[in-house]
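Below, all heavy atoms of this structure are taken into account, side chains as well, without hydrogens, waters or symmetry copies. In this text the structure is predicted, and so the values were computed from the model without any measurement.
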Amino acid sequence: ESKNVYKIIKKQWKTTTFEQWKNYPEMRSLVRKIENDIKNYYSLFENFNNPKAVQKIAFNVFLTLSFYNWDGALYSNGMVKFLI
């Protein structure tokens with residue numbers, strides 16, 4: 001069941017329009033924070049066969065988690081260490 005919840009929430013943010021992104025600075029800030037952290041911790045991804053693919057999965061997981069609990073569990077710097 002949790003897999004279905006993940007897919008539903010991921011679909012929500014993947015289908016946002018340009019206008020929604022433009023008018024929602026908190027979401028843009030969250031995305032920047034996650035992207036920067038993934039970039040800053042690149043060394044954690046280097047041992048995978050396809051580091052870029054794993055980085056994309058990490059981004060999807062963290063953005064989906066943040067949408068799932070927007071009012072209490074937004075991404076915090078350094079969380080990427082715990083995913084790996």
Using the rule given for side chain to side chain contact (heavy atoms under 4.5 Å, CB included), can you reason through Tyr75 versus Asp37, listing the C-alpha separation, both sets of side-chain angles and the distance that settles it, and then say yes or no? CA-CA 10 Å; Tyr75 185 82; Asp37 222 24; 2.4 Å; yes
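No continuous path of ILVMFWY side-chain contacts below 4.5 Å connects Ile38 to Tyr42, so the two sit in separate hydrophobic clusters. Grouping the Ile, Leu, Val, Met, Phe, Trp and Tyr side chains by contacts below 4.5 angstrom, directly or via other members, places Leu30 with Leu83.
In this structure, CE on Met27 lies 4.5 Å from CZ on Phe67, to the nearest 0.5 angstrom. Distance check: Lys33 NZ to Ser66 OG gives 8.5 Å after rounding to the nearest 0.5 Å. Between atom CD of residue Glu46 and atom CG of residue Leu44 there is a gap of 9.0 Å, rounded to the nearest 0.5 Å. Note: Ile8 CD1 to Tyr6 OH = 13.0 Å, rounded to the nearest 0.5 Å.
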List, one per line, each side-chain donor-acceptor pair under 3.5 Å for residues 52-65, sequence neighbours excluded.
| unit_1 | atom_1 | unit_2 | atom_2 | d |
| --- | --- | --- | --- | --- |
| Asn60 | ND2 | Lys56 | O | 3.4 |
| Thr64 | OG1 | Trp13 | NE1 | 2.8 |
| Thr64 | OG1 | Asn60 | O | 2.7 |

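Nearest heavy-atom pair across Gln20 and Thr17 is OE1-N, 2.6 Å. Nearest heavy atom pair, residue Lys22 against residue Arg28, reads O-NH1, 2.6 Å.
Counting heavy atoms of neighbouring residues, nucleotides and ligands inside a 6.0 Å radius, atom OH of Tyr68 does not exceed 12 of them.
Salt-bridge formation is not detected for the pair Glu35/Arg32: no Lys NZ or Arg NE/NH1/NH2 atom is positioned less than 4.0 Å from an Asp or Glu carboxylate oxygen.
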